[in-house]
Amino acid sequence: MTAGDIATGIAMVLIIEGLVYALAPSLVERLLEALRLMPLETRRRLGLVTVATGVLMLWIFRG
């Protein structure tokens with residue numbers, strides 16, 4: 001994995017997040033409110049599951 005690969009990945013995340021904010025700002029507000037109401041431990045688990053999923057996807061796709 002090169003610095004270019006990392007930069008490409010970050011750029012893709014920024015593009016996708018920017019599209020979500022541009023195309024569905026009210027949905028983002030509802031999602032943030034739902035996260036705020038979610039217990040802290042649930043948010044922590046959700047974050048850990050997200051990280052694990054990302055690592056697994058990298059492992060599968062990058063070998």
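Values reported hereafter were calculated over all heavy atoms of this structure, with side chains retained and with hydrogens, waters and symmetry mates removed.
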*Which heavy atom in Arg62 sits nearest to a heavy atom in Asp5, and how many Å separate them?*
NH2-OD2, 3.1 Å
*asked:* Please determine whether side chain to side chain contact (heavy atoms under 4.5 Å, CB included) holds for the pair Val20 and Leu27, giving the CA-CA distance in whole Å, both sets of side-chain angles, and the decisive distance to 0.1 Å.
replied: CA-CA 9 Å; Val20 171; Leu27 175 62; 5.7 Å; no
*How many angstroms lie between CZ in Arg43 and CG in Leu46, if you round to the nearest 0.5 Å?*
10.0 Å
*Going by the side-chain hydrogen bond (donor to acceptor under 3.5 Å, both in side chains) test, which pairs reach into residues 15-35, not counting sequence neighbours?*
Glu33-Arg36
*Give the C-alpha distance, both sets of side-chain angles, the deciding distance and a yes or no for side chain to side chain contact (heavy atoms under 4.5 Å, CB included) between Ile16 and Val13.*
CA-CA 5 Å; Ile16 292 168; Val13 168; 6.0 Å; no
*Would you kindly confirm whether Met57 and Trp59 end up in one hydrophobic cluster when ILVMFWY residues are joined by side chain heavy atoms under 4.5 Å apart?*
yes
*Report the residues that fulfil side chain to side chain donor-acceptor pair (under 3.5 Å) with Arg44, sequence neighbours left out, ordered by chain and then residue number.*
Glu41
_Point-to-point distance, once rounded to the nearest 0.5 Å, from CG of Leu48 to OG1 of Thr53_ = 10.5 Å
*Would you say the side-chain atoms of Thr42 pair up with the backbone N or O of Met38, donor to acceptor, closer than 3.5 Å?*
no
*In the single-linkage hydrophobic clustering (I, L, V, M, F, W, Y; side-chain heavy atoms under 4.5 Å), do Leu14 and Ile6 co-cluster?*
yes
